[in-house]
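The structure under discussion appears below in the form of structure tokens.
Computed from heavy atoms alone, side chains included, the values below leave out hydrogens, waters and symmetry copies. Every chain is numbered from 1, with letters handed out A, B, ... down the list of sequences.
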Amino acid sequence: MTVQSGKKPSATATKTNRRKMTQPRNNKGAGLSQAQLLEMYHLLLKCRLVDERARVLFRQGKFKGNHYSAVGQEAVTVGTLYGCQPSDWVGPSHRDMVAALVKGVPVKLIMAQLYACVDSPDRGKSTPAHFGSPEHNIITPASTIAAQWQLVTGVALGLKMQKREGICFAYAGDGATSTGAWHEAVNFAGVHKLGIIYVIQNNLWAESVPLRLQTAAKNLADKAVGYGMPGVVVDGMDLLAVHKAAQEAVRRARAGQGPTLIECKTYRWYGHSEIDPARYRSQEEVAAWKKRDPIPLFEKQLAELGISAGSVKKQFEDEINREIEEAVAAAEASPYPDPAEAWDHIYAE
Amino acid sequence: MTVQSGKKPSATATKTNRRKMTQPRNNKGAGLSQAQLLEMYHLLLKCRLVDERARVLFRQGKFKGNHYSAVGQEAVTVGTLYGCQPSDWVGPSHRDMVAALVKGVPVKLIMAQLYACVDSPDRGKSTPAHFGSPEHNIITPASTIAAQWQLVTGVALGLKMQKREGICFAYAGDGATSTGAWHEAVNFAGVHKLGIIYVIQNNLWAESVPLRLQTAAKNLADKAVGYGMPGVVVDGMDLLAVHKAAQEAVRRARAGQGPTLIECKTYRWYGHSEIDPARYRSQEEVAAWKKRDPIPLFEKQLAELGISAGSVKKQFEDEINREIEEAVAAAEASPYPDPAEAWDHIYAE
Amino acid sequence: MGQPVTYIKAINQAMHEEFERDPSVFLLGEDIAEGGVFLATDGLREKFGAERVLDSPLAEAIIIGACTGASLVGMNPLAEIQFADFITPGVDQIMQNVAKLRYRSAGGFQPHLTIRVCCGGGVGGGLYHSQENAAWFMHEPGLKIVYPSTPYDAKGLLKACLRGKDCYLYFEHKKLYRSIKEELPEEDYIVPVGKAKVRREGRDLTILTYGYMVQISLAAAERMEKQGVSCEVVDLRTLLPLDKEAILASARKTSRVAVVHEDKRTMGIGAELAALVQEEAFEDLDAPVLRITGPDIPIMPFSPPLEDYFMLNPDKVVQGLEKLAAY
Amino acid sequence: MGQPVTYIKAINQAMHEEFERDPSVFLLGEDIAEGGVFLATDGLREKFGAERVLDSPLAEAIIIGACTGASLVGMNPLAEIQFADFITPGVDQIMQNVAKLRYRSAGGFQPHLTIRVCCGGGVGGGLYHSQENAAWFMHEPGLKIVYPSTPYDAKGLLKACLRGKDCYLYFEHKKLYRSIKEELPEEDYIVPVGKAKVRREGRDLTILTYGYMVQISLAAAERMEKQGVSCEVVDLRTLLPLDKEAILASARKTSRVAVVHEDKRTMGIGAELAALVQEEAFEDLDAPVLRITGPDIPIMPFSPPLEDYFMLNPDKVVQGLEKLAAY
Ligand SMILES: Cc1ncc(C[n+]2csc(CCOP(=O)(O)OP(=O)(O)O)c2C)c(N)n1
Ligand SMILES: Cc1ncc(C[n+]2csc(CCOP(=O)(O)OP(=O)(O)O)c2C)c(N)n1
Ligand SMILES: [Mg+2]
Ligand SMILES: [Mg+2]
């Protein structure tokens, strides 16, 4: 199962990335072929399963640091990034570990990251939540919220100046929108009409801080007008809706028409991190959002399009679980870096 | 000529601050009495004359540092601050030296500031552009743009927590809106519904940087929606228009209804500072704006209201110039601080 | 004396008591109303209400800016920076307003606030939950910096800050939160800002240290004792302004001085201490002031062996002290 | 050798030449396209176009963040911080991304950029146009800090940064901009990062200094010579990493060391230098390392007598050196 199968495969996309474009029976499928829809379904499941596995591993004490689960938010990740090209860049937030999967990163690399072993892209330097992969143009994020938002804005500037192929995807939560770093970056991209899609994962909470204490704005996407760019609010549980909104933003970005700010209303099922019991949220609130689980929701959409998810689910899950278990085994077997590596990579020369 | 003569004099306003409320002949006068309108006119002239005098003094080498002239922008200053109470606070920008006049500061203190002598409120510590007066609740601003915007937001928070009388006025330019500090402050005030009026002096330029390189927003006031507060665009050359917009914001603030963001479209006649020849602006642009000089514009408005500015202008100017010359003489005569004062006021204890 | 309490409980108690004592105290920070990651602020909102215990937007500059402003109209603000790593967006306010407003207004405006900063490594927190960066702020007269090493001091220093009139950075090391307990006096007390404390008397050499490293240094001193080297451990407690008298007295007494800190070496706090001691006690020194510190690498890496490599421990400190004693 | 040029002209030339040489060089900063307050960037936009000479919004963090990001895709960014005083809003990016991205990605991402920072006092600029704050950044391995004192070095060091692969802070002292001239080679040259230079040979004592203070120190050395004291003046040129070899060689040669810097004393660069010298050359020292620095007050005040009080001058340096020589 590969992932860079956007509608317009770029020069760098491999042949195997291209799939037959069988249109589903009606136009609800956001112009996606059946194969693409199933690929998205596969990715949705993969994000879920890898994340849930990471939660278990953390609770088993298999890795240190922390885990920031994105379970519940998968439709945002898959919907925005699906179809992106190898030449595109991602500036992930602390909750975006699984975004790497959509960009084609093998589970093995992510597990290596959790285990902080030599096989991780950063050889154990960064924490699990701050996965990056140079090979996949996923920037290793700093923990300071919205710092990566600035960096990836800079990448978009560089790509534009170099007239190089590729656009950027920036991710951050509702809390991040309050930071000065966030504001400066979005404003800058507006001025320079950069090819970047800003995705706000509005999950209503920043740790224990509710949205109403974060900002008095009605919608976070309302902020876009202050930067002279389109702002879009989308149901972050609806994979196809997210994807449609994202594709319009992607089209604009690739056409040099500038950035878009997309607010996805979503929810994290679990605490801010695995050590947060999240008692500040009511059980009703959590239950209501869990009812809107993006996976069954997408299964229903697939059914409406005449595609039976049930017939592939087990196969997909098995495939994914096999990759996960192999990845865990590899990470378990991989050694920690040598302490002397602490001195590597301080300077280039 | 006093200045705290708002329509609702506070308990702290002195008797002499109250004036007879003679309504002008039609309602174009923004509900102001003839005496109040003339007082505003007096302040407008005063801001102009003090600023022009400062320019001359700087060019004569009478003081160091720099001067950031606000000539052209007086209607914003007078229009927003006129009627404010002694208990109200001001967070001025680097261009707001003359705002102090509207808050009732004698010219003497301002000249002392320019001369950096012991009679200045900060005994020569701060630069001319960063005039503050604790006695008048004018915060001595830092030079880092929008830093005072944060401070005065904090004052508004404190006033609210203490249930103390008083609201806040924050000033900054178009350039300042790009800073993270600006964003964080406005957003914070929105959440806490603080009693603060944010005034953007949009003079189209930040040093030599034109507005289109500052932000892609159509209007800077558009940013308000992103903070859940009203945003108002007003002709910053029209004193009465500014005052009306400000009074509505003041009403909201005093009633506990929260902050307002007011964008005043205005123009600085001269360079960014006295050392800036401002060649980056076209002569046509400058000429067009000079035609909209707020002083004759207000004189016309007065005339329409049946008030003859001409009959008082000379008297006002003489009065003001006398105060200025006395102030300059006093500043000239006042000594510099003793070098040992460099060690004062580092700590409270 | 009551029950033994942890360092974090002592901090929590200090806040509870000062909120009680002074109605103008309020707390502003991220994720604090529910008690916070470490439960430092536990119970405050329940007891004193959401008007005095404010969850702020995710924006460190305005946390500090708003507190500073509020202090000008009679509030007594306590700001929390959740992790020291995240103080950088607030550095502008700290450097340009907090540290300078009193000065540049010639005392016309008198800002005062306390900023609690949770810092330090050794808990597997990785790059951005381990920074120990008080050094950045020691270059700023106008600020005072305190850094307790025990529950007693944690409580007493926090109370001193909340009763003082200056602008305080209060660093608390997360590794200490639950690792040590101490019985605290029942009655009200403060620990004065600006005073170091000799934690262990010694004759042969002096260790200047603070925070979590006090524990490590005491353990190292214990081991040196067995080798016949008597170490004096001076807990600085206040980093700015330094208690020069106490520092120099001990340096003159033992003639050999080591500085122990967790943070990286170059321009760490040890630089100032070494410069000061050699400047003022040159004739008394039998050896150069030795810096035993974290390595000069950008940030504490995450992987356990890398973290271990970064962190000081009694072994590493003993190694340094042996060299110093043998000089 | 061509015409004598000023320090600022040398900076301007370096930029022109490197823009010419490397099409991936671009400049991002406030108020730079028109040439800037001091005309440092004069002529660049006219010659290389607005696509490579970008006036940024008023936002230091994104100036640095955008440059860092752009460097990841092959650009060679030159950022300008108009006044060192205004670097604080960008400190977050500098500390957390610029200095650490290479490290925390284990070299997977290779940021590189040059940040020009106009600093220093003595020009009547007052509190926020006089700060000299390189010290804040010396605690950050991952950064390199250069600080030229002559037109030759200004040009050569800027070129070295623009050809290097690391992240450079390039401090330029505004007092030097037009106060000294020097003939520069016609041919292309660089001054290597990391190498100090002896500006004046001497036998009796060493002055470690940099930037504008090199001029002041040379003047002071001149006067000491007349008193029969021969001073060696070492211009550090690079502050991070320090050229330890050159520093220690001179210290060992003269046995008496003074550090001269304009910035305030506590945790100023002199702290690290004093710590280093006593650490490595203790046995060679005949006197403690002396710090001759600005006073520990929050910021350079504006009023002329206060500014004079803050700024070092040859008189004050001579006073210090006399004490050191007499020790
Ligand atoms: C500058 C900064 N301040 C504080 C933190 C601590 N912190 C980590 S995540 C977080 C909340 C983030 O909320 P949001 O942006 O809504 O993202 P979410 O976690 O909900 O996905 C905070 C405060 C940080 N990482 N960086
Ligand atoms: C943080 C910061 N960066 C840069 C500067 C230098 N600077 C002083 S005024 C100014 C332009 C301000 O423009 P604007 O906000 O539009 O106000 P105006 O001068 O037009 O009134 C700049 C960049 C500063 N004072 N603070
Ligand atoms: Mg959130
Ligand atoms: Mg402007």
Side-chain angles (χ1 to χ4, degrees), chain B residues 87 89 91 118 120-127 130 132-135 137-144 146-162 164 166 168 179-192 194 337 341-349, chain C residues 23-26 28 51-52 54-77 79 89-90 92-93 95-113 140-144 163-168 193-194 240-241:
Chain B
S87 55
W89 286 71
V118 292
S120 76
D122 57 27
R123 299 188 71 84
K125 289 271 196 329
S126 282
T127 38
H130 301 117
S133 175
E135 198 191 326
N137 290 355
I138 302 171
I139 301 176
T140 316
S143 186
T144 30
Q148 90 289 356
W149 197 266
Q150 293 218 335
L151 264 190
V152 70
T153 300
V155 170
L157 174 69
L159 292 172
K160 183 180 174 184
M161 292 181 119
Q162 298 240 333
R164 258 168 72 168
C168 297
T179 66
W182 186 95
H183 170 75
E184 293 189 7
V186 183
N187 185 57
F188 186 89
V191 170
H192 292 282
L194 300 183
E341 288 197 25
W343 289 100
D344 293 345
H345 308 298
I346 300 175
Y347 293 110
E349 54 191 21
Chain C
S24 67
V25 173
F26 74 100
L28 181 66
E51 298 73 36
R52 292 179 65 192
L54 283 75
D55 267 334
S56 81
L58 208 172
E60 283 74 13
I62 193 63
I63 290 176
I64 294 162
C67 282
T68 312
S71 82
L72 301 181
V73 286
M75 296 304 291
N76 187 0
D92 180 42
Q93 280 297 315
M95 301 304 193
Q96 310 290 8
N97 266 337
V98 177
K100 298 183 172 69
L101 175 57
R102 187 188 329 275
Y103 189 72
R104 61 184 164 72
S105 67
F109 294 100
Q110 293 279 354
H112 70 100
L113 79 164
E140 296 310 305
L143 300 178
K144 290 185 175 173
R163 295 179 195 185
K165 297 196 169 120
D166 281 305
C167 298
Y168 307 91
V193 174
L240 186 69

**Residue among Gly108(C), Ser24(C), Ala59(C) with most heavy-atom pairs under 4.5 Å to chain B** = Ala59(C)
**Message:** Please classify the contact of Leu28(C) with chain B as side chain, backbone, both or neither, using a heavy-atom distance under 4.5 Å.
**Reply:** side chain
**Request:** Measure Thr127(B) against the heavy atoms of chain C and call it side chain, backbone, both or neither at under 4.5 Å.
**Result:** neither
**Asked** Taking Val191(B), Asn137(B), Leu159(B) one by one, which has the highest count of heavy-atom pairs under 4.5 Å against chain C?
**Response** Leu159(B)
**Request:** With a 4.5 angstrom heavy-atom cut-off, could you sort out which part of Lys144(C) is near chain B: side chain, backbone, both or neither?
**Result:** both
**Fill in**
Assert top hit (heavy-atom pairs under 4.5 Å, partner chain C, pool Glu341(B), Arg123(B), Arg164(B)) equals Arg164(B)
**Message:** Donor-acceptor check, side chain of Glu184(B) to backbone of Ala61(C), threshold 3.5 angstrom: yes or no?
**Reply:** yes
**Asked** chain B heavy atoms under 4.5 Å from Leu58(C): which part of the residue, side chain, backbone, both or neither?
**Response** neither
**Asked** Do side-chain atoms of Gln96(C) reach the backbone of Ala147(B) as a donor and acceptor pair under 3.5 angstrom?
**Response** no
**Asked** Checking Tyr168(C) side chain against His112(C) main chain: does a donor-acceptor pair fall under 3.5 Å?
**Response** no
**Fill in**
Okay, Leu143(C) and chain B: the region with an atom under 4.5 Å from a heavy atom over there is backbone
**Message:** Does any backbone or side-chain atom of His192(B) lie under 4.5 Å from a heavy atom of chain C? Answer side chain, backbone, both or neither.
**Reply:** side chain
**Request:** Could you look at Asn187(B) and say if it's the side chain, the backbone, both or neither that has a heavy atom under 4.5 Å from chain C?
**Result:** side chain
**Message:** Please classify the contact between Ser126(B) and chain C as side chain, backbone, both or neither, with a heavy-atom cut-off of under 4.5 Å.
**Reply:** both
**Message:** Shorter than 4.5 Å, heavy atoms on both sides: which option in Gly124(B), Ala348(B), Gly158(B) has the most such pairs with chain C?
**Reply:** Ala348(B)
**Asked** Who wins among Ser143(B), Pro141(B), Gly180(B) for the most heavy-atom pairs under 4.5 Å with chain C?
**Response** Pro141(B)
**Prompt:** Can we say Asp166(C) and Arg102(C) salt-bridge, meaning some charged N sits less than 4.0 Å from an Asp/Glu carboxylate O?
**Reply:** yes
**Fill in**
In terms of heavy-atom contacts, Thr140(B) and Leu101(C) come closest through O-CD1, 3.8 Å
**Message:** Can you tell me how far apart CD1 (Ile139(B)) and SG (Cys168(B)) are? Round to the nearest 0.5 Å.
**Reply:** 7.0 Å
**Prompt:** Aromatic rings Trp149(B) and Trp182(B): how do their planes relate, parallel, tilted or perpendicular, breaks at 30° and 60°?
**Reply:** parallel
**Message:** What part of Glu51(C) gets within 4.5 angstrom of chain B, counting heavy atoms only: side chain, backbone, both, or neither?
**Reply:** backbone
**Item:** Nearest non-hydrogen partners of Lys125(B) and Ala106(C), listed with the distance
**Value:** CG-CB, 4.3 Å
**Complete:** Between the OH atom in Tyr103(C) and the OH atom in Tyr347(B), the distance rounded to the nearest 0.5 Å is 12.5 Å
